[in-house]
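Written below as structure tokens is the structure these notes are about.
Below, read A as the first sequence line, B as the second, and so on, with proteins coming before strands; counting in each chain starts at 1.
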Protein chains: 2
Amino acid sequence: MKDYLPIKYEKDVLYLLDQRKLPLEEVFAENKTVEDAHTSIKEMVVRGAPSIGYTAIFGMALWIKKHPDFTLDQYRKACEYLKTSRPTAVNLAFEIDRTINVVSEAMTEGHQAAYEAVVQFGHDQLAESERKNTKMAEYAKEELKQVVDKRSYSLMTHCNTGFLACGSLGTALGVVEYLGQSSMIKNVWVDETRPYMQGTRLTSYELTKLKINHEIVVEGAAATLMSQGKVDAIFVGADRIAANGDTANKIGTFNLAIIAKEFNIPFYVVAPLSSFDPAIKSGKDIEIELRDENEILSFRGERIAPKTAKAFNPSFDITQNRFITGIICEKGILKGSFEEQIKELF
Amino acid sequence: MKDYLPIKYEKDVLYLLDQRKLPLEEVFAENKTVEDAHTSIKEMVVRGAPSIGYTAIFGMALWIKKHPDFTLDQYRKACEYLKTSRPTAVNLAFEIDRTINVVSEAMTEGHQAAYEAVVQFGHDQLAESERKNTKMAEYAKEELKQVVDKRSYSLMTHCNTGFLACGSLGTALGVVEYLGQSSMIKNVWVDETRPYMQGTRLTSYELTKLKINHEIVVEGAAATLMSQGKVDAIFVGADRIAANGDTANKIGTFNLAIIAKEFNIPFYVVAPLSSFDPAIKSGKDIEIELRDENEILSFRGERIAPKTAKAFNPSFDITQNRFITGIICEKGILKGSFEEQIKELF
């Protein structure tokens, strides 16, 4: 068992590693009520779609614990309440809704059974994700060995896609962790990931924990590193993948993909099937969230830019499919015509 | 006369706009001795190779003022002292050495004549730079009108290459200022320019002063903006240009050039002949300064990264010549085979 898991449910308490305090402080927030879980999601103690999902499941278990005589209607209302912790998170609502079936089935054997079933469901989801992500990492390892024949690799990644975001093994950073277990990582170039600094704060934290050699770089260094042969491959995660393979991910991802193609460096998206949205035809149909310009104009509340300056702060970008070498999911690796392969998968 | 010039020499005092305090405070540092000028250069009150050069010239004038009975040998020693304010700045040493001829000629008419000659030399250099940069801006305007036929343009720039760095009209940002005078700027995308934030702090400050519409973006947004047709052209400065046109400039420049080429967006380097170094065969022969990793790991003295994390912090990158649409200098615009044209120029 890893000693650094960010989400633990033990003896009716949900422990969440407070990601706002990383990397300099490692503090676990104790969540004993659904209100605690609500606050943890809302105030970003926990982040990353999968981790938010697990928090929500265990949060609903905490609600049941405090309401031993609940009805299914009351449970549904509590679900709606917890969804308000982050109204735009699709995955959060999805996971919460799934617990309703679990509860309605288990309730026939009593309220305690329902509680235990939801707790078990949370643990099952965590384990299931770890299985899937391990599978993706295995595919990535095979692919990498075929494409670049080396004993150990210099990889590059963007944003944070590791155990903090995923509960256990991550997606793109899960590949790095998995390769690290076989001493196959020479170095990881960690993009600092402006403006929120997920690379500097979170990815570097994870790689430090995993004892994997890495160096943080500004995003401006990408072309230098790639043109000098210092990057063997790039692995990134995905927020959403369209039917044609166009991929929404943290702003800055598309830059990397274009530069990688110029220097013939393989560029992989690592994401489970749940990140695919075959109803979306192409990246053009994905709406990009514009975030508060103060994330760019200030740093930790301190203004950097002139008082009247404005900023344009899209949260994600769309990497066009032609710049992606492969998309790795739990069913294997998609290469070539993504459109046909994604159609076959769904 | 512009009311925002960052370098003024009036009544035996050198006034320098303290660039460390920008953009939130506009404070002029009074320099009354060569030691003051030394401190201003060393502590980055003033930055940008041309501005440092003017500061050095006026700094030597201040030395003469305080040493009315100096010998040429003493003057030479004072020159060496001022060069230690930034030992690696080639331009600084060059400008200081040029004052020795000025002084030795003028000294025949007395010490006061030498003082006045050096002050005049400083003003001449500032005026000469403005003339050259205006010429470059004119060439850029002609080129832009031919390549992209629009009434007003959305341009992108990187780092700071305006009046703060150049004393009066800048190079790449000088083009923007010049076009702005004819209301030909729709918008400027200002790259924040990590890690030192010259875009957010200085370029946005200048454009605010010039009342030119602009928005600050993280460097990760480049591919998004360019792929969506939101950038008509890119103008950047140069630290040094090799005989084949390869260009050293602030880290992140090469990223932009690659992405621009992918989307057929013209990418221009704007730099005077003094930035060319025909003795350097190609970019491979330019040594890149590695700066303190704490510029990336911390922000204003506050640690962001894990305690043991490392960073790789090259100050510049080399944009390979094949990604450059044109190099604009005071003699015109170089396009096509840079190598031949640069050979002809020197």
Could you give the side-chain donor-acceptor pairs of residues 259-266 of chain B under 3.5 Å, partners two or more places apart or in another chain?
{"from": "B/E262", "atom 1": "OE2", "to": "A/R322", "atom 2": "NH1", "distance (Å)": "3.0"}

Would you say A/Y196 has more than 12 foreign heavy atoms packed within less than 6.0 Å of its OH? no

Close side-chain approach of A/R194 and B/R194, heavy atoms under 4.5 Å: yes

Go through the atoms of B/E295 and report whether side chain, backbone, both or neither lie under 4.5 Å from a heavy atom of chain A. neither

Determine whether B/K310 and A/I216 make a side-chain contact, defined as any pair of heavy atoms from C-beta on separated by less than 4.5 Å. no

Side chain, backbone, both or neither: which part of A/N313 has a non-hydrogen atom closer than 4.5 Å to chain B? neither

Looking at B/R303, B/H214, B/E293, which has the largest count of heavy-atom pairs under 4.5 Å with chain A? B/R303

Would you mind telling me which of A/P195, A/A305, A/A309 has the largest number of heavy-atom pairs within less than 4.5 Å of chain B? A/A305

With the threshold set at 4.0 Å, does a side-chain nitrogen-carboxylate oxygen contact exist between A/R300 and B/E302? yes

Who among A/G199, A/S227, A/P306, A/A222 has the most heavy-atom pairs with chain B under 4.5 Å? A/P306

Is there side-chain contact between A/V218 and B/I296, with heavy atoms separated by less than 4.5 Å? yes

Nearest 0.5 Å, please: how far is NZ in A/K284 from CD in B/Q228? 10.5 Å

Contact winner vs chain A - B/T224, B/D191, B/T200, heavy-atom pairs under 4.5 Å: B/T200

Part of B/E192 within contact of chain A (heavy atom distance under 4.5 Å): side chain

Examine whether an atom of B/K209 lies under 4.5 Å from a heavy atom of chain A, and if so say whether it belongs to the side chain, the backbone or both; otherwise answer neither. neither

With a 4.5 angstrom heavy-atom cut-off, which part of B/T208 approaches chain A: side chain, backbone, both or neither? side chain

Which distance, rounded to the nearest 0.5 Å, do you find between the CZ of B/F299 and the CD1 of A/I304? 4.0 Å

To the nearest 0.5 Å, what is the distance between CD (A/E215) and CG (B/L297)? 10.0 Å

Quick check on B/L225 against chain A: is it the side chain, the backbone, both or neither that has a heavy atom closer than 4.5 Å? side chain

Residue A/Q320 versus chain B: region with a heavy atom under 4.5 Å: side chain

Using a heavy-atom distance cut-off of less than 4.5 Å, which residues of residues 235-258 of chain A contact chain B? A/I251, A/G252, A/F254, A/N255, A/I258

If I measure from the heavy atoms of chain B, does A/N213 come under 4.5 Å with its side chain, its backbone, both, or neither? side chain

Proximal component of A/T308, with respect to chain B [non-hydrogen, under 4.5 Å]: side chain

Max heavy-atom pair count under 4.5 Å with chain B, selected residue of A/V217, A/V190, A/T193: A/V217

